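Beneath this line is the structure, given in structure tokens, with notes to follow.
Being a predicted model, the structure only gives us computed values, none of them experimental.
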Amino acid sequence: MDYLPIFADLKRRPCLVVGGNDVAWRKTRMLLKAGADVRVIAPVLNHQFQQAVQQHKITHVADEFEPSHLDGIFLAIAATERKSVNALVYQSANQRQVLVNVVDNTQRCSFIVPSIVDRSPIIVAISSSGKAPVLARLIREKLEAILPQHLGKMATIAGRFRNQLAKTVTSFSARRQFWEKAFDGRFSELVAAGQEQEAEQELIDLSQSDSPQGQVALIGAGPGDASLLTLRALQLMQQADVVLYDYLVSDEVMDLVRRDAEQVCVGKKAGFHSVPQEETNQLIVQYAQQGKRVVRLKGGDPFVFGRGGEELEVLFDAGIPFQVVPGITAAAGATAYAGIPLTHRDHAQSAMFITGHLKPDSDQLDWSTLARGKQTLVIYMGLMKSGHIQQQLLKHGRGGDTPVAIIERGTQKTQKVLKGQLNELEQLAQNAASPALIVVGEVVNLSEKLHWFGKQEQQLQQSAVVRLA
Ligand code: SAH
């Protein structure tokens with residue numbers, strides 16, 4: 001180990017920055033964040049430095065560096081553009097046993113500054129010992145994505161509860177188990193949801209009982225491409241005890257579920273339900289009542305034609321706590337990947353999402369509104385009713401030459417886009433398979449220019465893009 005990682009308490013300690021440029025400012029800002037008493041030596045200061053001086057946040061000595069500036073200093077950073085000055089700072093600091101860092105010159109450092117993931121009071125420091133700073137930065141980016149934002153708040157609340165817990169739970173190992181349960185369970189969820197008071201109450205409840213309370217996360221898995229999952233969805237999928245999912249959820253997404261989690265398919269396909277909705281509702285309730293962390297994973301967004309609301313009402317009635325994680329709905333994901341903007345200043349001032357899964361004789365859609373020009377109409381589950389949709393739109397005044405697209409398995413590697421005109425929609429739909437979206441509107445034409453996903457594949461397989469004459 002070339003360096004010992006330590007976390008220094010700089011509060012009110014005199015720290016010296018030599019240099020008044022942008023790099024020096026970045027270092028100064030970091031020192032100020034840690035509460036240091038910063039003195040800057042530089043004949044000229046950049047704009048931010050000048051502001052900080054005016055606001056009395058730092059002390060400025062408008063002079064060239066001299067070794068005596070290091071008197072009484074705890075730590076020094078040299079960030080000037082002049083090698084000779086930096087060398088003098090390094091040499092003088094060493095003579096005085098003052099910790100010193102010359103920016104971008106590991107040879108002239110008695111300490112180096114790591115990359116930081118700041119979830120204060122949790123701080124993760126990463127260093128490549130000066131060997132590969134870019135690699136350290138990439139690791140940092142990965143950690144930034146994995147570590148939830150509420151980690152810091154969670155640690156702060158836990159810190160407040162520590163003494164109280166020690167009074168009631170006396171054994172060390174019982175306390176350790178308590179915290180493992182809290183950080184991995186409902187306490188963490190409540191903090192993430194911004195419900196601090198409830199989170200503190202959860203700690204109290206947890207310290208008084210040994211049977212954990214179950215909880216449910218209703219999560220939108222997006223249209224298929226796993227990289228479109230939210231970070232929140234991924235975190236909860238990794239913590240789940242049991243995952244109930246639909247057919248629509250892609251294999252790629254299911255691969256990211258915690259390996260040990262029980263996986264239950266309550267598949268729904270347009271046209272038939274393999275597990276009746278009531279049974280699904282009951283299953284979710286039962287698992288939660290067993291104290292499990294249940295993830296209910298749905299394609300797209302759970303509140304868009306997904307019956308997510310109905311499932312939550314059942315949980316509400318059963319008194320089971322829940323949270324909702326939105327997902328990218330198919331209309332947003334599939335059109336983005338097909339290069340069809342839902343709105344456009346010249347072609348569509350509004351967009352409407354409807355379901356084509358209409359009850360046979362009770363179509364209550366307002367077709368005259370849906371058939372208006374200069375708007376985009378997106379139809380979920382519309383393949384089987386494409387003839388009816390085509391007929392109604394034409395009857396209510398939409399032009400027969402209005403561009404339409406059918407996007408099959410949007411965002412997935414096998415995405416297929418069929419294009420044509422409204423008067424041939426039914427014919428087009430015969431070449432498409434579920435899951436697919438129908439898009440009606442002038443914006444469809446933009447995909448000629450804006451199409452970007454799966455281009456090579458589609459050029460190779462001419463049949464993937466069909467333009468009917
Ligand atoms: N909650 C989902 C919609 C469920 S309804 C969401 O927000 O996206 C199921 C319908 O959604 C399918 O019949 C199809 O019309 C559409 N759909 C879902 N995923 C799709 C995808 N990857 N590509 C195209 N259409 C999709």
Going by atom type alone, with no hydrogens or angles, which donor-acceptor pairs under 3.5 Å involve a side-chain atom of residues 23-35 and a protein atom two or more places apart or on another chain?
| from | atom 1 | to | atom 2 | distance (Å) |
| --- | --- | --- | --- | --- |
| Thr28 | OG1 | Ala24 | O | 2.8 |

Gln412 side-chain N/O to Pro223 backbone N/O, donor-acceptor pair under 3.5 Å: yes
Glu442 bridged to Arg345 by N-O distance under 4.0 Å: no
Pairs touching residues 181-206 that satisfy ring pair (Phe, Tyr, Trp, His ring centres under 6.0 Å), sequence neighbours left out: Trp179-Phe183
Any residue meeting ring-ring contact (aromatic ring centres under 6.0 Å, His included) with Tyr380, in chain and number order, not counting sequence neighbours: Phe305
Main-chain N/O of Thr329 paired to Asp301 side chain as donor or acceptor, under 3.5 Å: no
NZ/NE/NH1/NH2 to OD/OE distance under 4.0 Å, Arg232 and Glu189: yes
Short side-chain to backbone donor-acceptor contact, Arg409 and Ala436, under 3.5 Å: no
Results of ring-ring contact (aromatic ring centres under 6.0 Å, His included) for His344 - residues two or more places apart only: His347
Considering all heavy atoms, the nearest Ala240-Val295 contact: CB-CG2, 3.6 Å
His396 side chain vs Gln392 backbone, donor-acceptor pair below 3.5 Å: yes
Any residue meeting salt bridge (charged side-chain N to carboxylate O under 4.0 Å, His left out) with Asp241, in chain and number order, not counting sequence neighbours: Arg258, Arg293
Residue pairs passing the salt bridge (charged side-chain N to carboxylate O under 4.0 Å, His left out) test where at least one lies in residues 330-344, sequence neighbours excluded: none
